[in-house]
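Here is the structure we will look at.
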Amino acid sequence: MYRIDTNDFDLDYTLSCGQVFRWEKDDWWTGIVRGSVIRAKQNGNGLLIESKLDKNFVQDYFRLDDDIERIYSEINKDKLMDSLIQKYRGLRLIRQDPWECLVSYICSSNNTIRNIKNSIKRMCGCFGEEIERGYYSFPAPEALAQVHISDMAQCRLGFRAPRVLKVASMVANREFDLYGIKDMSYREGRRELMKIEGVGGKIADCVLLFAFGKLESFPVDTHIEHIMDSFYGEHFKNVKKSKKREEIAEFARGYFGGYCGYAQEYLYMEDFEVK
DNA sequence: GCCCAGGGGTTAG
DNA sequence: CTAACCCATGGG
């Protein structure tokens with residue numbers, strides 16, 4: 001076990017805001033990251049970690065090197081964001097593994113967080129490797145590429161199952177260079193990700209933000225559309241329904257600036273908690 | 001039985 | 001071009 005000194009970090013907000021799907025809270029938080037079990041607990045400014053993952057990796061995973069005060073001052077454009085920064089201070093984005101993030105968000109379409117978590121857990125139990133008693137790694141592309149569609153039924157993914165198998169084959173066969181996206185701009189990466197079946201603008205934005213650290217990404221789902229409508233609705237009142245989410249994202253990028261991805265997560269948390 | 005969920009693909013107008 | 005509908009599953 002080791003300890004990381006933090007400031008402006010809140011483990012509970014960071015892990016419960018809906019960006020990650022494989023962490024569970026008991027007395028400690030327990031997650032599976034990079035094929036390792038990791039346990040985490042916050043103690044004031046101390047972040048206690050029990051894991052084979054080293055300190056540098058964990059700091060990077062929780063983005064503890066982000067200059068969060070500067071990010072706050074950049075996105076703090078009005079009373080609403082000011083209050084959300086106070087309320088959820090310490091909520092950090094997480095640097096997720098691209099493959100796990102991509103598959104997880106393909107599973108998220110028209111789904112609830114609870115169902116997404118359950119499906120991913122089943123998928124890991126069926127096709128991942130047991131790394132500790134009862135804990136399974138996220139299945140690699142090569143593993144999922146060999147799975148037959150009929151064996152996916154037990155994961156209860158519904159219409160998303162064939163999309164997961166298809167992208168697994170594409171990544172395993174190097175037909176799609178997922179890891180090359182980290183060297184692309186936000187726009188290029190978005191165009192590339194949207195070539196994948198089951199990945200539209202919103203899911204591409206989630207992968208770009210949560211896995212590739214493109215902080216100018218602003219994913220607009222039903223919750224973000226709702227809260228943006230209620231606070232900034234006059235800016236896109238007359239926009240066509242089919243273009244609305246894109247327009248909201250463009251507005252947010254201009255309004256909150258290059259760190260709008262952080263703003264998005266605070267807005268999401270608010271709509272998520274109010275619900 | 002209805003509507004909705006961290007949407008996206010397809011079709012009909 | 002746009003809106004409407006469909007997708008499979010679980011819960012309110």
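Because the structure is a prediction, the values reported are computed rather than measured. Here is the naming used below: chain letters follow the sequence lines, and residue numbers restart at 1 for every chain.
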Euclidean distance, atom CG of residue A/N111 to atom P of B/dG8 [Å, nearest integer]:
13 Å
Give a yes or no answer on whether the side chain of A/D10 reaches the backbone of A/D12 with a donor-acceptor pair at less than 3.5 Å.
yes
According to the 5.5 Å centroid and 30° plane-angle thresholds, does A/Y105 stack upon the nucleobase of B/dG6?
no
Here the distance between atom C1' of B/dG8 and atom CZ of A/R190, to the nearest Å, is 13 Å
Co-members of A/M1 in a cluster of I, L, V, M, F, W and Y side chains, linked at under 4.5 Å
A/W28, A/L48
Are any side-chain N or O atoms of A/R160 and backbone N or O atoms of A/S108, one a donor and one an acceptor, separated by less than 3.5 Å?
no
Residues clustered with A/L64, ILVMFWY side-chain links under 4.5 angstrom:
A/Y2, A/I4, A/F9, A/L11, A/L15, A/V20, A/W23, A/W29, A/V33, A/I38, A/L47, A/I49, A/L53, A/F57, A/V58, A/Y61, A/F62, A/I94
How about A/E129: does its CD atom have over 12 heavy atoms from other parts shown lying under 6.0 Å from it?
no
Which salt bridge (charged side-chain N to carboxylate O under 4.0 Å, His left out) pairs, counting each pair once, include a residue from residues 132-143 of chain A, with sequence neighbours left out?
A/R39-A/E132
What's the gap between B/dA5 and C/dT2 when it is taken at their P atoms, as a whole Å value?
23 Å
Which atom pairs link the protein and nucleotides 10-12 of chain C when you take only N or O atoms and keep those under 3.5 Å?
unit_1	atom_1	unit_2	atom_2	d
C/dG10	OP1	A/R156	NE	3.1
C/dG10	OP2	A/R156	NH2	3.3
C/dG10	O4'	A/N115	ND2	3.3

Can you name the nearest heavy-atom pair linking A/Q96 to A/Q19, along with the distance?
NE2-O, 2.7 Å
Show me the dot-bracket string of DNA chain C, counting Watson-Crick or G-U pairs under 3.5 Å, with | for pairs to another strand and [ ] for crossing ones.
|||||||.||||
What is the distance from CZ of A/F159 to C1' of B/dG8, rounded to the nearest Å?
8 Å
At less than 4.0 Å, is any side-chain N or O atom of A/T222 found next to OP1 or OP2 of B/dG6? Yes or no.
no
Identify each atom pair where a protein N or O and an N or O of nucleotides 9-12 of chain B are less than 3.5 Å apart, giving names and distance.
unit_1	atom_1	unit_2	atom_2	d
B/dG9	OP1	A/G198	N	3.1

Say we look at B/dG9 and C/dG10: how far apart would their C1' atoms be, to the nearest angstrom?
23 Å
Any residue of residues 239-267 of chain A with a heavy atom less than 4.0 Å from an atom of DNA chain B:
A/Q264, A/E265
Using the P atom in both, what is the distance from B/dG6 to C/dC6, to the nearest Å?
23 Å
Suppose the criterion is salt bridge (charged side-chain N to carboxylate O under 4.0 Å, His left out): which pairs have a residue in residues 88-108 of chain A, not counting sequence neighbours?
A/D8-A/R89, A/D60-A/R95, A/E69-A/R89
Could I get the full list of side chain to side chain donor-acceptor pair (under 3.5 Å) partners for A/S185, not counting sequence neighbours?
A/E188
Can you sort out the partners of A/Y13 under ring-ring contact (aromatic ring centres under 6.0 Å, His included), two or more places apart, ordered by chain and number?
A/Y88
Taking the C1' atom in each of C/dG11 and B/dG8, what is the distance between them to the nearest angstrom?
22 Å
Taking 4.0 angstrom as the limit, do A/R190 and A/E246 come out as a salt bridge?
yes
Per-pair distances, 0.1 Å, donor-acceptor, side chain in residues 118-125 of chain A, under 3.5 Å, sequence neighbours excluded:
unit_1	atom_1	unit_2	atom_2	d
A/N118	ND2	A/R114	O	3.4
A/S119	OG	A/N115	O	3.3
A/S119	OG	A/C155	O	2.9
A/S119	OG	A/R156	O	3.2
A/K121	NZ	A/E24	OE2	2.8
A/R122	NH1	A/C155	O	3.3

For residues 231-241 of chain A, dump all side-chain donor-acceptor pairs below 3.5 Å to protein atoms at least two apart in sequence or in another chain.
unit_1	atom_1	unit_2	atom_2	d
A/Y232	OH	A/D78	OD2	2.8

